[in-house]
Amino acid sequence: MNKKTVIICISLLLSIVMFVIVQHQQTPDPLTIEQEVEQDIEDEKHTEERDDEVGEKEEVDDSPLMSMLTEAVQSTIHFFTQKETKIVAIGDSLTQGVGDSTERGGFVGILDRTINREEKLAHFENYGKKGDRTDQLIERLDSTDIQASIREADIVLITIGANDIMQVVKENITNLTYEPFSEARKLYETRLHSLFNTLKNINKDANIYLVGFYNPFAKYFPQIKELEAIVTDWNETSEQVTQEFHRVTYIPTDDLFKETDEELFAEDNFHPNTVGYHRIAQRVLDYLIAEER
C-alpha cells in the first residue's frame, strides 16, 4: 500500500476513532444455557418496556443464542462439581461488562449465572474497570483487596489491551500513522510480562487466561486494512507472551466477530452487546474445559 493510500486510510481511521472515543466516554459506568439465555432475553424485553417513552428498540432474535454453550456448559459443570472453585476477573470494560443491555456483568456474569444455576459451584469476583490500560491494571494489583482475592483464586480471567491502543490514538490524534502503534505494542509487551510476573508472585498456582480483543470496525470498514493489522499484531503479541509463562493461556475472540450478519455490538459500536458477550462466554468455557480438567 503506497503512502497516499495509507494517509487516506488513516484519515478515515481518525474519524472512526473520534466517534468511538466520544461514545466510549459516554458509556455508563446447573442448568441449561437455554434457561440462562431466556433470562437474558427476558431482561432485555423488560429494558425495552422501560424505554418505550424514548422509542422502540430492535427486538433481540434469541434463536442463535438458544443453541449456544449447551455442550460446553455440561462439560464445564462436570468439572466444577469436582471441587470448590474461585474465579477472579480483572481488566477493562469487557471484564466489567459494558455494553451488556441486561447490566448483568457481560461474559463474566453469564459464566457465573450459568455455572451456578442450581447450586453454588464457583465463586466469582469481578474487578473490571472501564478504561483500564495495562499500566493501570498493574497499579491496581497493589490493592490489598485484589491481591487477597487473587491469592485465593483457582482461575484468573483478564481482558486488557484495547485501551492501550486507544491511548495511542489520543496521543497522536493530529498525526496518526501506523508507527506509533508499533512502538506502543513493544511497551504493551513489556507491561504484559510485568502483569503476569506480578500475578505469579501473588499466586503461582492460579491458571490465568488472557482474553484477546477484536476489531470493532471490521464489519463497517473492511477496506481499512491497517485497523485489522493493528489488532492482529497486538493479539499475536498477547499470545506470544502468554506462551512464555506456565499456566497462562491466551483465548482468541477476534474471529467471533467476523463474517456474521448477526448484530454483536452495543449502541456505542465498540463494546459487545448481550449476544456478543454470549459468544465470548462460550469461547472462554471451551478453553476452561480443555485446560482445567
Original post:
Have Tyr127 and Asp145 got a donor and an acceptor in their side chains that come within less than 3.5 Å?
Top reply: no
**OP:** Would you name the heavy atoms of Lys200 and His246 that are closest together and state the gap between them?
**Re:** NZ-O, 2.8 Å
Original post:
Are the side chain of Ser238 and the backbone N or O of Trp234 linked by a donor-acceptor pair below 3.5 Å?
Top reply: yes
Original post:
More than 12 non-hydrogen atoms from neighbouring residues, nucleotides or ligands closer than 6.0 Å to NZ on Lys86, yes or no?
Top reply: yes
Original post:
Judged by atom type as modelled, is there a donor-acceptor pair below 3.5 Å linking the side chain of Asn235 to the main-chain atoms of Gly212?
Top reply: no
Original post:
Looking at Ala153 and Asn203, what are the two nearest heavy atoms and their distance?
Top reply: O-ND2, 2.9 Å
Original post:
Under 3.5 Å, side chain of Asp268 to main-chain N/O of Gly99, donor-acceptor pair present?
Top reply: no
Original post:
Does CD in Gln243 sit with more than 12 non-hydrogen atoms of other residues, nucleotides or ligands closer than 6.0 Å?
Top reply: yes
Original post:
Under a 4.5 Å cut-off applied to non-hydrogen side-chain atoms, are Asn201 and Thr198 in contact?
Top reply: no
Subject >> Residue pair Leu94 / Pro272: nearest heavy atoms and the distance that separates them >> reply: CD2-CD, 3.4 Å
Original post:
Are Arg104 and Asp100 ion-paired here, with the side-chain N under 4.0 Å from a carboxylate O?
Top reply: no
Subject >> Side-chain donor/acceptor of Gln96 to backbone N/O of Lys130, under 3.5 Å >> reply: yes
Original post:
Between atom CD1 of Ile146 and atom CG of Leu137, what is the distance when rounded to the nearest 0.5 Å?
Top reply: 7.5 Å
Subject >> Backbone N/O of Ile165 and side chain of Arg185: donor-acceptor pair under 3.5 Å >> reply: no
Original post:
Looking at side-chain heavy atoms only, is the closest gap between Tyr178 and Ile230 below 4.5 Å?
Top reply: yes
**OP:** Decide yes or no on side chain to side chain contact (heavy atoms under 4.5 Å, CB included) for Val108 and Tyr277, but give the supporting numbers first.
**Re:** CA-CA 9 Å; Val108 178; Tyr277 276 123; over 6 Å; no
Original post:
Quick check: does any side chain N or O of Glu263 sit under 3.5 Å from a backbone N or O of Phe265, one acting as donor and the other as acceptor?
Top reply: yes
**OP:** Mind listing the closest non-hydrogen atom pair of Leu141 and Leu195 along with its distance?
**Re:** CD1-CD1, 3.5 Å
Subject >> Side-chain heavy-atom pair Asp92, Met166 within 4.5 angstrom cut-off >> reply: no
Original post:
Do you know which two heavy atoms are closest between Tyr287 and Pro252, and how far apart they sit?
Top reply: OH-CD, 3.2 Å
Original post:
Between Thr134 and Tyr188, is a side chain to side chain contact (heavy atoms under 4.5 Å, CB included) present by the stated rule, with each step listed?
Top reply: CA-CA 7 Å; Thr134 47; Tyr188 170 68; 3.5 Å; yes
**OP:** Let me know which of Ile208, Thr95, Ile251, Val211 forms a side chain to side chain contact (heavy atoms under 4.5 Å, CB included) with Ile158.
**Re:** Ile208
**OP:** Find out whether Asn126 and Asp112 are in side-chain contact, i.e. whether some heavy atom of one side chain is under 4.5 Å from a heavy atom of the other.
**Re:** no
Original post:
Which value, rounded to the nearest 0.5 Å, describes the distance between Ile202 atom CD1 and Asn197 atom CG?
Top reply: 11.0 Å
Subject >> Residues, nucleotides or ligands: over 12 heavy atoms within 6.0 Å of Lys120 NZ >> reply: yes
Subject >> Separation of Glu125 CD from Ile150 CD1 (nearest 0.5 Å) >> reply: 10.0 Å
Original post:
In Å and rounded to the nearest 0.5 Å, what is the CG to OG1 distance from Leu157 to Thr249?
Top reply: 11.0 Å
Original post:
Do side-chain atoms of Asn207 reach the backbone of Ile155 as a donor and acceptor pair under 3.5 angstrom?
Top reply: no
Original post:
Only one of Ile160, Asn163, Asp164, Val231 forms a side chain to side chain contact (heavy atoms under 4.5 Å, CB included) with Phe213, so which one is it?
Top reply: Val231
Original post:
Nearest 0.5 Å, what's the CD1-OH distance between Ile87 and Tyr209?
Top reply: 9.5 Å
**OP:** Indicate yes or no: does Arg283 engage Asp255 in a salt bridge with an N to O separation below 4.0 Å.
**Re:** yes
Original post:
What class does the angle between the rings of His193 and Phe245 fall in, given that below 30° is parallel, 30 to 60° is tilted and above 60° is perpendicular?
Top reply: tilted
**OP:** Might you work through the side chain to side chain contact (heavy atoms under 4.5 Å, CB included) test for Thr237 and Asp233, ending with a clear yes or no?
**Re:** CA-CA 6 Å; Thr237 295; Asp233 289 349; 5.6 Å; no
Subject >> Thr232 OG1 to Asp254 CG distance, which is reported to the nearest 0.5 Å >> reply: 6.0 Å
Original post:
Are any of the side-chain heavy atoms of Ile90 and Leu199 separated by less than 4.5 Å?
Top reply: yes
Original post:
Just wondering, do Val241 and Glu189 contact through their side chains at under 4.5 Å, heavy atoms?
Top reply: yes
**OP:** Run the numbers on Phe196 and Thr242 for side chain to side chain contact (heavy atoms under 4.5 Å, CB included), then give the verdict.
**Re:** CA-CA 8 Å; Phe196 294 141; Thr242 62; 3.9 Å; yes
Subject >> Side-chain heavy-atom pair Ser93, His271 within 4.5 angstrom cut-off >> reply: yes
Original post:
Are Asn269 and Pro216 close enough that some pair of their side-chain heavy atoms sits under 4.5 Å apart?
Top reply: no
**OP:** Look only at the side chain of Arg247 and the backbone of Ala206, and say whether a donor-acceptor pair between them is shorter than 3.5 Å.
**Re:** no
